[in-house]
Amino acid sequence: MMTIFSMLTIISSIMDDEAQSKKIKLLLAPMATLSHEALRRAIFRFGGCDEYYCEMIHASSLLAGGGFEKYYIMNGPESDKMVWQLTDTTDEPIIKAAKIVNDLGGIGVDINMGCPAPEIYRHGAGMAWMNKDLSETAKMLEKIEQILQNGTSSCKRLSVKCRLGEDDFTDEKFFSFIDMLVSSGVKQIVLHPRTRKQKYSRPARWSYVEKLCEYCAEKYPENKISVIGNGDVKDITSAKTALETAPDADGIMLARYAVQKPWLFAQIAHGSKLNEKLDLYEFCDQYLSDIRECQPKEFWKTRTQRFFVYYCDNFSFANYLKSKMLHAESHTEQLQILKEYLEKQTDEKIISL
Ligand SMILES: Cc1cc2nc3c(=O)[nH]c(=O)nc-3n(C[C@H](O)[C@H](O)[C@H](O)COP(=O)(O)O)c2cc1C
């Protein structure tokens with residue numbers, strides 16, 4: 001494995017002089033089935049990131065205390081940088097679950113108001129919160145904020161991750177939602193600047209991240225709202241483009257490409273090649289071993305399949321490999337598939353970071 005890089009501090013060389021003075025945070029996105037401890041360990045081996053959002057935790061399931069819940073609340077390897085994302089259809093379980101995750105420590109609690117997946121949205125969770133009565137949502141957020149402030153742990157910050165709204169969203173509607181968040185105590189807003197129906201086909205609109213930064217700075221100068229942009233950052237160049245479009249953003253959140261390349265945080269932070277070699281087979285072996293340590297046996301297959309959807313994009317014949325991995329029965333078989341592939345594609349085993 002690679003040596004551990006010193007902790008990320010600033011995205012320096014990719015920024016212009018003015019922006020260089022500002023610390024840009026790098027955050028791991030919440031991703032169901034992916035943002036678990038095994039992925040965080042992988043990122044940590046390259047130096048870590050500033051905040052690790054966990055995969056969304058279904059509040060009612062956490063309260064019911066099912067057998068798998070303990071895996072959702074694992075907090076390694078940097079427990080002080082955890083952000084606990086909660087989701088549900090109504091306020092009551094979310095408020096109660098906030099008390100539980102608050103005791104786990106970390107940076108704070110995030111409420112998922114951006115997930116557009118039909119099975120989540122249809123039931124009134126995720127992005128459905130953007131369309132609910134604002135005063136009701138505000139009441140929920142205020143209660144959570146009180147829990148965080150009165151709790152004894154370090155977990156104090158309330159954040160929300162959201163999208164732009166429906167396809168016919170207006171600035172007026174979007175910013176009334178933002179006003180509600182700020183007046184309810186939300187201190188960090190992560191914007192994935194797409195509408196509900198836009199999946200990944202159209203580019204994320206980073207100009208809206210900048211608009212949000214300007215709005216918050218002007219209207220709420222005292223509140224110091226941290227605005228994080230998210231969407232389509234896949235390498236140093238796209239990180240640079242995102243920050244050129246949204247120079248006032250406080251951070252960049254990475255999702256899919258952090259799974260494909262957990263070393264991406266280090267590359268963006270350093271703003272250049274890392275001058276390191278990485279063995280993609282060894283990396284994979286370690287990752288699967290971490291999955292076995294950090295996930296219940298019942299999840300090994302699905303969690304690993306999901307990982308390979310992204311990790312295989314590091315190879316020329318990605319689709320061929322993805323399909324083989326999908327049908328493999330065990331980690332041993334998956335490693336054998338990768339080994340055989342790399343015996344043929346010898347120049348793809350070691351990459352320069
Ligand atoms: C497999 C998968 C699961 C996701 N799960 C969540 C989730 O649990 N909560 C959430 O707020 N967003 C979730 N998202 C959305 C991501 O956090 C992120 O907003 C989106 O992928 C855009 O970022 P990217 O272009 O860096 O991938 C998920 C995305 C993917 C691909």
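Both counts, for ligands and for their atoms, begin at 1 and track the order of listing. One-based numbering along the sequence shown. Fair warning: this is a prediction, and the values are worked out from it, not measured in the lab.
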Is Met31 touching ligand 1 with its side chain, its backbone, both, or neither, if touching means heavy atoms under 4.0 Å apart?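 It is both parts that get close, each with some atom under 4.0 Å.
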Just heavy atoms, cut-off under 4.0 Å: does Cys115 contact ligand 1 by side chain, backbone, both, or neither?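 Neither; no heavy atom under 4.0 Å.
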Side chain proximity check, Phe308 to Gln305, heavy atoms < 4.5 angstrom: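 Heavy-atom side-chain distance check fails, nothing below 4.5 Å.
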Phe283 side chain reached by Arg45 side chain, heavy atoms, under 4.5 Å: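 Contact flag for Arg45/Phe283 side chains = no.
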Distance from [atom] to nearest protein heavy atom, with residue and atom:
{"atom": "atom 26 (O) of ligand 1", "answer": "Ala255 N, 3.0 Å"}
{"atom": "atom 13 (C) of ligand 1", "answer": "Pro30 O, 3.0 Å"}
{"atom": "atom 23 (O) of ligand 1", "answer": "Asn230 ND2, 3.0 Å"}
{"atom": "atom 27 (O) of ligand 1", "answer": "Arg256 NE, 2.6 Å"}
{"atom": "atom 8 (O) of ligand 1", "answer": "Met56 CG, 3.1 Å"}
{"atom": "atom 5 (N) of ligand 1", "answer": "Ala32 N, 2.8 Å"}
{"atom": "atom 21 (O) of ligand 1", "answer": "Tyr200 OH, 2.8 Å"}

Near [X], which atoms of ligand 1 are under 4.0 Å from a heavy atom of that residue?
{"X": "Leu34", "result": "1 (C)"}
{"X": "Asn112", "result": "9 (N), 10 (C), 11 (O)"}
{"X": "Arg306", "result": "1 (C)"}
{"X": "Ala29", "result": "17 (O)"}
{"X": "Lys161", "result": "10 (C), 11 (O), 12 (N), 15 (C), 16 (C), 17 (O), 18 (C), 19 (O)"}
{"X": "Gly231", "result": "23 (O), 25 (O)"}
{"X": "Gln85", "result": "7 (C), 8 (O), 9 (N), 10 (C), 11 (O)"}

Sub-3.5 Å donor-acceptor pair from the side chain of [X] to the main-chain atoms of [Y], do we have one?
{"X": "Ser323", "Y": "Asn319", "result": "no"}
{"X": "Asp50", "Y": "Leu26", "result": "yes"}
{"X": "Arg196", "Y": "Met127", "result": "no"}

Pick from Asp91, Thr90, Thr137: which one makes a side chain to side chain contact (heavy atoms under 4.5 Å, CB included) with Lys132?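 Of the listed residues Asp91, Thr90, Thr137, the side chain to side chain contact (heavy atoms under 4.5 Å, CB included) partner of Lys132 is Thr137.
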What is the ring orientation for Phe68 with Tyr71, classed by angle as parallel under 30°, tilted 30 to 60°, or perpendicular over 60°?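 Tilted: the ring planes of Phe68 and Tyr71 meet at 30° to 60°.
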Geometric class of the His36/Tyr287 ring pair [parallel <30°, tilted 30-60°, perpendicular >60°]: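 Tyr287 and His36: tilted rings.
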Partners of Thr346 by side chain to side chain donor-acceptor pair (under 3.5 Å), sequence neighbours excluded?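 Partners of Thr346 under the side chain to side chain donor-acceptor pair (under 3.5 Å) test: none.
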Using the rule given for side chain to side chain contact (heavy atoms under 4.5 Å, CB included), can you reason through Lys322 versus Asp313, listing the C-alpha separation, both sets of side-chain angles and the distance that settles it, and then say yes or no? CA-CA 9 Å; Lys322 280 181 204 181; Asp313 284 334; 3.0 Å; yes
Tell me, please, which residues at least two apart from Glu55 pass salt bridge (charged side-chain N to carboxylate O under 4.0 Å, His left out).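 Once residues adjacent in sequence are excluded, the partners of Glu55 under the salt bridge (charged side-chain N to carboxylate O under 4.0 Å, His left out) criterion are Arg303.
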Looking only at distances, please establish whether an N/O atom of ligand 1 is found under 3.5 Å from an N/O atom of Asp232.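 Yes; the residue has a nitrogen or oxygen that sits under 3.5 Å from a nitrogen or oxygen of the ligand.
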